[in-house]
Enquirer: 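I have a structure I would like to understand better, so I am pasting it below and will then ask my questions one at a time.
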There are 2 protein chains.
Amino acid sequence: MTTIYDIARRAGVSATTVSKVLNGYPDVSQKTREKVQRITRELGYQPNAAARGLVTRRSMSIGVFFQDDARMGFRHPFLHDIVASFQDVVGESGYDLLFFSRTTPPSAPQGFEARARHRGVDGLFLLGIPRTSAGLPSLVRSRIPIVSVDLDLFGPRASWLSSDNVGGAKLAVEYLAAMGHTKIGFVGDRYGTKPGQDRALGYHMAMQELGLTFRSEWVAEGDFMEESGEEAMHRILEAREWPTAVFFASDMMAIGAMKALRQKGLEPGRDISLVGFDDVVIARLVTPALTTIRQNTRAMGEEAARELLDLMHNPNRPPRVITIPVELVSRDSVARIGG
Amino acid sequence: MTTIYDIARRAGVSATTVSKVLNGYPDVSQKTREKVQRITRELGYQPNAAARGLVTRRSMSIGVFFQDDARMGFRHPFLHDIVASFQDVVGESGYDLLFFSRTTPPSAPQGFEARARHRGVDGLFLLGIPRTSAGLPSLVRSRIPIVSVDLDLFGPRASWLSSDNVGGAKLAVEYLAAMGHTKIGFVGDRYGTKPGQDRALGYHMAMQELGLTFRSEWVAEGDFMEESGEEAMHRILEAREWPTAVFFASDMMAIGAMKALRQKGLEPGRDISLVGFDDVVIARLVTPALTTIRQNTRAMGEEAARELLDLMHNPNRPPRVITIPVELVSRDSVARIGG
DNA sequence: GGCGTGATCGAAAGCGTTTTCGGGACGACG
DNA sequence: CGTCGTCCCGAAAACGCTTTCGATCACGCC
């Protein structure tokens, strides 16, 4: 491994001077600067991040806790998109991403905070982490800059971000109403995730504002995944009177519901209309193509990145909560009825 | 930040002794060992990975170059699955994953090797990297342990791994033949990726072995993505005589082809049979559900991990090339014809 | 009592950087 | 000719840890 000393020797200067050149300090003459740069290139020198981090106390890396449980299932193509655009932004500032493994040897540090401190990451990005995770309280107390998605974290250095779930749900219901539907069901989540709660809230708000009658038989809960959507749909179909449309808190549940409908001899998008949430890739490929509320994953990742960079570079910056707009994408799973 | 010296002071021993306790050296008495451990816990001490790495010359992290171009498109849910199981295995040995950002500031080190050395990763995992990438040759020369997927890398410390693409393609063709098809087309890739070439090879081998006549009008090329499958199908339909079945080198191209067929008033899975490759999540959700060759992403990730760990821990271990078995999953997109 | 032995501990060097601070050289200025 | 300011440069300390190697001590044995 070639070090700063190798360069110093070859250039006939001290290691200090080499370091100064490498870090762009002004107090080096043009001549020696060029000489050092030349030799650095010739030797193919690479600074040692560990050594540098040791003294600067910054690792130029951002820790990522990414939980893509079976339970979160199909949400993760999603989370991956978010991470990708997040990384593109922080990458431009020289950061790489350290993904903490879910599995660890027993001897290793455990818990969010311990692991983050162990690796000396400069900030943390959290995705798919359940609100109930142990270690979250001590994490926010740690004063490590954090941005989380879909997790309402409150701390002096913790911002969080999510789609406009309330607004998106309202959008869905309003759209259904505009298409002539008045009997509108809802399938939410049973785990009380923040997005799930907000989508339920939006549904109820819109129903009320539109003066539509709410019937508890038309409401069921799932876990965001396909099978649970299927079950939920079956349950709703047990009601004596059926809704003409159902809004699902995730695309995958809506897709599962299609299966349930067909089992009963009903045609989704004609006999019963469906609206999903997320706009996963599959949404436009199923039959009928699913009308849904699109989350802007790119904007989410980029905003998250900018927020975290800001938090990291600016010690007294107070945290924020950021909401990303959603949009309705209209496809074939909603029928116009009545008028 | 609490250091080893803080512990030493509190315990009335030297830092050396603390370090020994923390690293399980035998030459510490039971009594002081317990005392040090107690204080370590009380202080919530976390070893500093950078400092440790500096002296041990190991970072306990594995670098990942993950390229999920637009071009690779839908392959990436895939690659993500592979990475996830990879991480589960290496995590158990205490490794975390360092994802190199695609974007970098101009001042930062550039290229695979430079960046890997800069971060001091103990090994490298490569996914989705094109064979033609600059910097690959110098990377393999660097003697950093590497495992890559679907990229035929040859070097003293570079193993690579992929699905049994030749075998899988043969499987597909043989299955179609068993279903009575004799006129079988193929859509490969135009970029000469290793898996694309191998699937083409398997197709041709099987056709020959089965004595089926090969017609160049029945063969087209795409880029693994949906649109290109659609175009390729259209091109094949320009032939005077049509094939009764087409094997696609990716699921997404097969799904695109379904669209093309319907545009011509043909029903996929009845008028023309389709077989894909990959078994992406969507495959079973489209109509008709797609018959395909499933890649075992879990096995791929786990095998890759074991291989890399072995390479890292064992300096003279020669590299290997690993092939992961695939299986045919039969759904609704292939019709039985004839007999 | 001398000596070897095994158990336990610590001093010190070293890993590759950054950063502070002081010093030398040199020109300008009174 | 003394003094002061600028411009360059390097010595040294520090970051937090590991690891070698020698020192010390108690003990048992001849």
Enquirer: Measure the distance from CD1 on I7(B) to C1' on dG16(D) and round it to the nearest whole Å.
Expert: 11 Å
Enquirer: Starting at CG of L43(B) and ending at P of dG16(D), how long is that distance when rounded to a whole Å?
Expert: 14 Å
Enquirer: Looking across every strand, which nucleic acid part, if any, lies under 4.0 Å from Q30(B) by heavy atom: base, sugar-phosphate, or nothing?
Expert: nothing
Enquirer: Of the candidate nucleotides dG16(C), dG10(C), dT18(C), which contains the atom at the shortest distance from the side chain of T17(B)?
Expert: dG10(C)
Enquirer: Would you say Y25(A) places a side-chain N or O within less than 4.0 Å of OP1 or OP2 belonging to dT19(C)?
Expert: yes
Enquirer: Taking the side chain of K20(A) as its heavy atoms from C-beta onward, which of dC17(D), dT18(C), dC9(D) lies nearest to it?
Expert: dC9(D)
Enquirer: Using whole Å, what does the distance between atom C1' of nucleotide dC8(D) and atom NZ of K31(A) come to?
Expert: 12 Å
Enquirer: Without decimals, in angstroms, what is the distance between R52(A) CZ and dT18(C) P?
Expert: 5 Å
Enquirer: Side-chain N or O of S29(B) less than 4.0 angstrom from OP1 or OP2 on dA7(C)?
Expert: no
Enquirer: Strictly below 4.0 Å, N to O, side chains only: are D81(B) and R298(B) in salt-bridge contact?
Expert: no
Enquirer: In whole angstroms, how far is the C1' atom of dC17(D) from the CG atom of N48(A)?
Expert: 14 Å
Enquirer: Quick one: sort the F99(A) and F99(B) rings into parallel, tilted or perpendicular, breaks at 30° and 60°.
Expert: tilted
Enquirer: Under 4.0 Å: is that the gap between some side-chain N or O of N23(A) and OP1 or OP2 of dT18(C)?
Expert: yes
Enquirer: To the nearest Å, give me how far apart CZ (R58(B)) and P (dT18(D)) are.
Expert: 12 Å
Enquirer: Between R57(A) (CZ) and dT17(C) (P), how many Å, whole number?
Expert: 18 Å
Enquirer: Please enumerate all residues that pass side-chain hydrogen bond (donor to acceptor under 3.5 Å, both in side chains) together with R52(A), with sequence neighbours excluded.
Expert: none
Enquirer: Please state how far atom CG in L54(A) lies from atom P in dT18(C), giving the value in whole angstrom units.
Expert: 11 Å
Enquirer: Of the nucleotides dT18(C), dC9(D), dT17(C), which one has an atom closest to the side chain of T32(A)?
Expert: dC9(D)
Enquirer: Can you work out whether D27(A) or S19(A) has the more 5'-proximal nearest nucleotide on DNA chain C?
Expert: S19(A)
Enquirer: Hey, is the side chain of T16(B) pairing donor to acceptor with the base of dA11(C) inside 3.5 Å?
Expert: yes
Enquirer: Are T3(A) and dC15(C) close enough that a side-chain N or O sits under 4.0 Å from OP1 or OP2?
Expert: no
Enquirer: Nearest-nucleotide wise, let me know which of V13(A) and Y5(A) is further upstream toward the 5' end of DNA chain D.
Expert: V13(A)
Enquirer: Please determine whether a side-chain nitrogen of the Lys or Arg among E42(B) and R38(B) lies less than 4.0 Å from a carboxylate oxygen of the Asp or Glu.
Expert: yes
Enquirer: Find which nucleotide of DNA chain C each of Y45(A) and P26(B) is nearest to by heavy atoms, and output the residue with the more 5' nucleotide.
Expert: P26(B)
Enquirer: Drop me the distance from R320(B)'s CZ to D310(B)'s CG, to the nearest 0.5 angstrom.
Expert: 7.0 Å
